[in-house]
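A note on names: the letters A, B, ... follow the listed sequences, proteins ahead of strands, and every chain is numbered from 1. The figures here come from the full heavy-atom set of this structure, side chains too, leaving out hydrogens, waters and symmetry mates.
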Amino acid sequence: MIDFGKNAGFDLKGRHRAEARFQWMGKIAIAISLFFLAAMVFTIARDASGIIKQTQIQLQLDLTDATGIAQNNKHPSYGKAVKAALRAQFPKVKKRKDKKRLYGFASPEAGFEIARMIDESPEILGRITKVWVTASDGLDLYLRGKVDMDLPERQRRVSDAERDWIATLQEQGHLRRVFNWGFLTNGDSREPEVAGILSALVGTAYSLAVCFAFAFPVGIGAAIYLEEFAPKSRLSDLIEVNINNLAAVPSIVFGLLGLSMFLGVFGMPRSSPLVGGLVLALMTLPTMIIAARAALRSVPPSFKEGALALGASPVQAVFHHVFPVAMPGMLTGSIVGMAQALGETAPLLMIGMVAFIVDIPTSILEPATALPVQIFLWADSPERAFTEKTAAAIIVLLVFLVSMNLIAILLRRKLETRF
Amino acid sequence: MTVNAIDITTKNRPMWLDRAVIIVLALMAGVAILVTVGIVFSLVFEAYLFFEKVSVTDFLFGLEWSPQTAIRADQVGSTGSFGVLPLINGTLLISAIAMAVATPLGLASAVYLSEYASKRARSWIKPALEILAGIPTVVYGFFAALTLAPIIRMTGGKLGLEVASESALAAGIVMGIMIVPLISSLSDDVINAVPQSLRDASFGLGATRSETIRKVVLPAALPGISGSLLLATSRAIGETMIVLMAAGMAAKLSLNPLDAVTTITVQIVALLTGDQEFDSAKTLSAFALGLFLFIITLGINVLALGIVRKYQEQYD
Amino acid sequence: MLDPIISARGVNVFYGDSQALFDIELDVLPNKVTALIGPSGCGKSTFLRSINRMNDLIPVCRFEGELTLSGQDIYDKSVDVVALRAQVGMVFQKPNPFPKSIFENVAYGLRIHKMCTAKSELQDRVEWSLKSAGLWEEVSHRLDEPGNSLSGGQQQRLCIARAIAVQPKVVLMDEPCSALDPIATAVIEDLIDSLRKDYTIIIVTHSMQQAARISQRTAFFHLGKLVEFGETKTIFTTPKDERTQNYITGRIG
């Protein structure tokens with residue numbers, strides 16, 4: 001009498017097909033988004049893998065009195081010694097053009113590396129020593145097989161003669177690949193083979209320290225006031241609306257604020273972590289306040305009421321009883337806020353942290369750069385070696401971000417008091 | 001017999017200390033207002049100086065953007081044009097591409113996660129999408145400029161199309177991916193807020209789940225979803241790094257996604273990095289652009305909040 | 001003696017590890033109002049929701065046993081739940097009209113099951129449903145207004161109109177009057193009485209007086225078991241089981 005089987009009419013087949021299609025659309029959408037995530041991670045990891053090791057070339061330095069290099073060197077760099085050593089390796093190379101190509105095997109930084117070696121062990125002067133110096137990025141790329149040797153010789157980066165020289169060096173054991181510590185210990189450089197992120201890391205560290213020093217207390221203070229003490233008035237409504245709006249203001253506007261207020265009106269030092277940190281603090285403040293308020297709200301009112309009932313003043317009740325309980329939540333919220341600030345670039349560009357900074361900054365008032373800005377600057381460079389450095393710097397940045405978020409999650413789980 | 005009166009005066013703590021603490025806390029809360037005031041003031045002030053040199057109508061309705069600094073004092077305003085329309089064009093073109101990518105992906109993900117996904121699937125998919133939200137925009141910019149743009153250019157070449165190396169398409173697609181988690185999580189909240197009783201009514205009548213979603217849940221959630229789409233649009237318009245790295249500086253009026261265009265945010269950065277005189281029309285125009293951007297994004301956000309608030313009243 | 005339209009044999013329902021219904025055996029006769037009564041949490045709503053498989057929506061809910069509608073096992077693999085629910089309608093405890101117009105609320109079922117092709121046919125059916133639910137007079141001039149602009153009692157009658165628009169064979173009602181005032185309740189009780197000549201109605205109610213007023217058959221549930229089932233008159237005047245007696249006289253529940 002009643003049919004509710006699969007052929008009962010009601011257009012069942014068509015509707016179930018539509019249902020299946022609908023579900024598939026959802027799955028595909030998620031798959032596409034995750035695919036992009038995977039693609040980004042993969043390409044960046046692939047690009048970065050090239051800089052894990054660095055190529056070094058072994059030179060026989062003749063700094064004896066016979067060559068006269070040691071005495072006559074007025075330059076801070078011992079470039080002449082490098083060139084002499086290379087000539088000595090390949091005595092048959094006579095033509096000036098060929099010699100220039102030969103000199104290109106060593107990094108322009110090599111001369112400075114030798115100067116540093118001499119500073120550390122002055123006994124090298126007046127002797128013949130074998131030293132390892134950084135090879136050029138071209139040589140490094142060639143050894144990794146990244147130079148296109150199928151092109152005709154004229155268009156190639158590495159000529160036939162150079163190819164033979166490199167083969168000789170390899171046979172004689174004068175080339176080696178070592179772990180690229182320089183990436184983490186050097187500052188920025190125009191030579192991609194020696195460029196490192198140390199100055200950017202220090203700049204970021206200073207900026208985040210300034211940011212935290214300002215945003216954490218002010219954020220917590222504001223949250224405590226709004227949540228525990230503020231009377232329900234139009235003013236506190238206004239402040240709330242303000243905070244929510246500020247959270248959605250484009251980051252570049254904060255940069256403009258920093259530029260005109262901190263640099264223009266207050267005359268603070270340009271490109272300094274002080275200004276950078278303050279701008280980041282203003283950006284992080286809304287997030288901090290919102291997170292801190294949530295933490296305060298999660299404390300059961302009985303804590304405060306109990307304290308008040310025993311005769312504590314409202315301030316005492318809040319600071320001795322509510323605040324310590326809410327602290328872990330506030331802390332995790334601030335770590336998340338710091339992680340967001342870590343990745344911000346645009347406002348730092350506005351306040352000038354975009355210059356070529358080689359020296360490691362020693363105070364928050366000196367010009368500095370930050371890791372995301374360093375990434376931006378290197379990404380602009382057309383040299384392939386810099387692309388790889390950019391990818392590696394991105395990985396460092398992401399490692400920091402992931403670590404901070406993990407710490408926040410672990411902290412939240414560990415300190416979660418059950419009410 | 002004497003009775004000891006209960007002493008209820010505050011002995012240990014002077015009243016003024018409490019008040020002082022509360023005042024300090026209130027001042028800290030006031031910093032939020034101070035920041036907004038600072039933003040508005042500095043933008044308006046500098047923009048005002050700009051509009052002394054270039055008229056508002058030239059700015060808002062001019063069709064050409066090529067900012068030049070006056071070489072001589074009497075050349076003010078007559079050199080270079082400061083028409084913002086090409087910048088609006090570029091900004092809207094890239095944002096439109098981004099929203100075209102992000103809206104279907106974000107909504108479909110949200111619907112699947114809230115209505116179909118098992119608890120186990122949800123437990124790893126949602127965090128994975130959140131990772132997309134946590135990636136700094138400079139990383140997206142790198143991917144857009146150095147990986148996606150060349151691929152699009154190559155594909156376009158093979159199809160016989162003329163693709164700029166800094167196409168709006170590359171920047172727009174990557175920006176869209178960045179926005180997906182925003183739309184997804186906001187819409188997820190909105191969809192979950194639709195009362196189960198409505199779904200029960202629909203199922204009780206014999207609707208399939210997709211029918212229930214399409215005809216009951218989504219229409220009920222529409223105001224909230226519109227709000228989230230507006231917020232996402234505002235985010236796209238205000239984005240800087242992705243477009244700075246992947247889009248160009250060419251200020252032109254073009255609707256072709258394969259073209260290179262520039263945006264308001266890119267121009268602000270370009271005008272203020274590098275050597276500049278602090279009160280030339282060129283540098284001041286950056287603040288005019290900043291004010292313009294601030295007003296537009298603020299307007300969209302207020303509109304979005306208004307829609308969401310009206311929607312919340314519906315269910316209270 | 002009429003053939004039962006719904007038969008339950010050995011029905012056991014579990015929510016995860018806890019059992020909600022124990023070995024239910026029940027026959028529902030067509031075109032009669034059958035009331036399910038009992039104290040809170042006794043399983044009567046669970047049983048009701050098993051009949052149109054609404055419990056399928058709860059992942060931890062498990063059904064065992066046999067529940068037949070018109071002789072066919074509704075939990076058989078060949079059954080399409082969509083078709084089942086098109087023919088077994090449900091009215092819920094709290095009125096839940098869609099945030100759509102009054103017209104669209106009633107037309108919803110007709111549209112999704114593609115029951116009316118012509119627009120005029122649709123309009124006729126909507127009018128007929130609203131008349132059957134006794135709501136037509138009050139809303140005929142404002143069919144485009146939202147469903148939730150109506151009063152509570154009107155909303156529930158709208159939900160009833162919505163349910164009967166697709167002309168189901170059985171209408172399940174889960175405490176339909178518990179959220180309504182006494183006047184609205186009386187209106188709906190009259191409505192139920194007028195509907196039973198076209199539909200089989202099963203109503204869960206926690207009001208014994210309501211059960212006594214509108215039903216012909218009553219089933220008394222207690223702690224997940226079907227304690228007693230029979231003619232309403234008999235249940236309320238000469239119950240066979242002591243637990244039934246206790247519930248009716250107000251000693252339990």
Contacting moiety of V88(C), where chain B heavy atoms sit under 4.5 Å: backbone
Shortest non-hydrogen pair, M54(C) vs D200(B), comes out as CE-O, 3.4 Å
By a 4.5 Å heavy-atom criterion (distance strictly below it), what part of S118(B) contacts chain C: side chain, backbone, both, or neither? neither
Check whether any side-chain heavy atom of L57(C) sits under 4.5 Å from a side-chain heavy atom of R209(B), and report yes or no. yes
Contact class of F92(C) relative to chain B, heavy atoms under 4.5 angstrom: side chain
Under 4.5 Å from any heavy atom of chain B, what part of P168(C) do you find: side chain, backbone, both or neither? neither
Are any side-chain N or O atoms of K100(C) and backbone N or O atoms of K215(B), one a donor and one an acceptor, separated by less than 3.5 Å? yes
For chain C, which residues of residues 228-238 of chain B have heavy atoms nearer than 4.5 angstrom: none
If you count heavy-atom pairs within less than 4.5 Å of chain C, which of A201(B), S197(B), G204(B) leads? A201(B)
Closest heavy-atom pair and its distance - P99(C), L198(B): CD-CD1, 3.8 Å
Rounded to the nearest 0.5 Å, how far does OG1 of T212(B) lie from OH of Y108(C)? 4.5 Å
How many angstroms lie between atom CD of Q196(B) and atom CG of N96(C), to the nearest 0.5 angstrom? 10.5 Å
Of the listed residues (R162(C), K94(C), M90(C)), which shares the most heavy-atom pairs with chain B below a 4.5 Å separation? R162(C)
